[in-house]
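Data block below; observations after.
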Amino acid sequence: MTHAHLAALKGGLIVSCQAYPAEPMRHPETMTQIAEAAVRGGAVGIRAQGLDDIRLIHERVALPQIGLWKDGDDDVFITPTLEHALAVIAAGAEIVAIDGTRRARPDGLSLAETIDRIHEQTTALVMADVGSVADGIAAYAAGADCVGTTLCGYTGERTKTDGPDLEVLRILAAVLPIPVIAEGRVHTPTQASACIDSGAFAVVVGTAITHPTTITTWFAESVAR
Ligand SMILES: CC(=O)N[C@H](C=O)[C@@H](O)[C@H](O)[C@H](O)COP(=O)(O)O
């Protein structure tokens with residue numbers, strides 16, 4: 001049985017609204033406006049980073065929100081500890097995205113301990129951001145409510161493909177009984193559609209919708225002679 005907030009995402013597009021440190025658009029109001037614009041285009045959910053952004057988006061956007069807190073320069077930086085996860089949930093995220101890899105976590109808790117404590121202390125769901133098939137299987141065993149292919153190509157286990165890692169997506173969607181969300185380098189509508197055809201429960205698009213600097217480089221490079 002899928003929780004209502006996850007069920008609301010089924011078969012849809014989740015738009016990741018994130019700006020990176022020191023970037024011009026890094027402001028909760030700006031990210032909230034981007035999220036509001038994404039709603040008008042048909043997004044069924046929003047993914048957002050940082051407590052202030054999550055709080056404001058929760059106030060103004062009536063869609064399920066996947067929240068995360070990127071912190072630290074270590075390998076594990078997506079909502080790296082239980083404390084980060086609880087803060088993301090307190091800020092209003094219905095689903096908390098956490099590092100769901102098999103790497104050691106900075107607070108010394110295992111992934112299973114982290115997920116157990118989130119489930120004991122809150123009603124939020126956990127999206128485990130994984131970097132490989134082995135990660136995904138371990139995250140399911142650890143109690144994740146859903147997994148995302150978010151970290152495929154970023155942990156050294158998988159080659160960073162130009163588009164989404166459809167191979168990991170296809171395998172995890174076939175073997176796991178929980179939703180598998182496609183995320184990472186989905187840059188075109190055709191790729192998003194291929195994710196659904198490969199078994200994705202939902203598709204997250206960030207950069208190609210919400211990161212104008214990167215999109216500008218794609219066009220600038222294509223006109224350069
Ligand atoms: C690896 C990592 O840090 N991923 C982050 C996770 O939230 C974001 O920087 C990405 O923008 C997000 O995953 C969406 O992916 P893309 O922007 O490729 O559509």
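FYI, the numbering just counts along the sequence from 1. Treat the numbers as computed from the prediction; the structure is a model and nothing was measured. First listed ligand is number 1; within each ligand, the first listed atom is number 1.
At the top of the distance list for atom 11 (O) of ligand 1, counting protein heavy atoms only, stands Y20 OH, 3.1 Å. Ranking protein heavy atoms by distance to atom 4 (N) of ligand 1, first place goes to T150 CG2, 4.0 Å. The protein heavy atom nearest to atom 13 (O) of ligand 1 is E183 OE2, 2.4 Å. Protein heavy atom closest to atom 6 (C) of ligand 1, with residue, atom name and distance, is R47 NH2, 3.3 Å.
For ligand 1, the polar-atom distance check against R185 finds a nitrogen or oxygen pair separated by under 3.5 Å. Residue-to-ligand polar distances place G206 within reach of ligand 1: an N/O pair is separated by less than 3.5 Å.
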Exercise. Please report the C-alpha distance between R158 and D135 in whole Å, then the side-chain angles of each, then the deciding distance to 0.1 Å, and finally whether the salt bridge (Lys or Arg N to Asp or Glu O under 4.0 Å) criterion is met.
Key: CA-CA 11 Å; R158 297 285 302 170; D135 275 351; over 6 Å; no
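Looking at K70 against ligand 1, only its side chain comes within 4.0 Å, counting heavy atoms.
When side chains are defined from C-beta on, E29 counts as touching R60, because their heavy atoms get closer than 4.5 Å.
The only member of T207, T161, T149 that meets side-chain hydrogen bond (donor to acceptor under 3.5 Å, both in side chains) when paired with R185 is T161.
Among pairs with a residue in residues 94-146, none fulfils ring-ring contact (aromatic ring centres under 6.0 Å, His included), at least two apart in sequence or across chains.
Residues satisfying the ring-ring contact (aromatic ring centres under 6.0 Å, His included) criterion with Y20, sequence neighbours excluded, are H211.
Within the 4.0 Å heavy-atom cutoff, A208 does not count among the residues contacting ligand 1.
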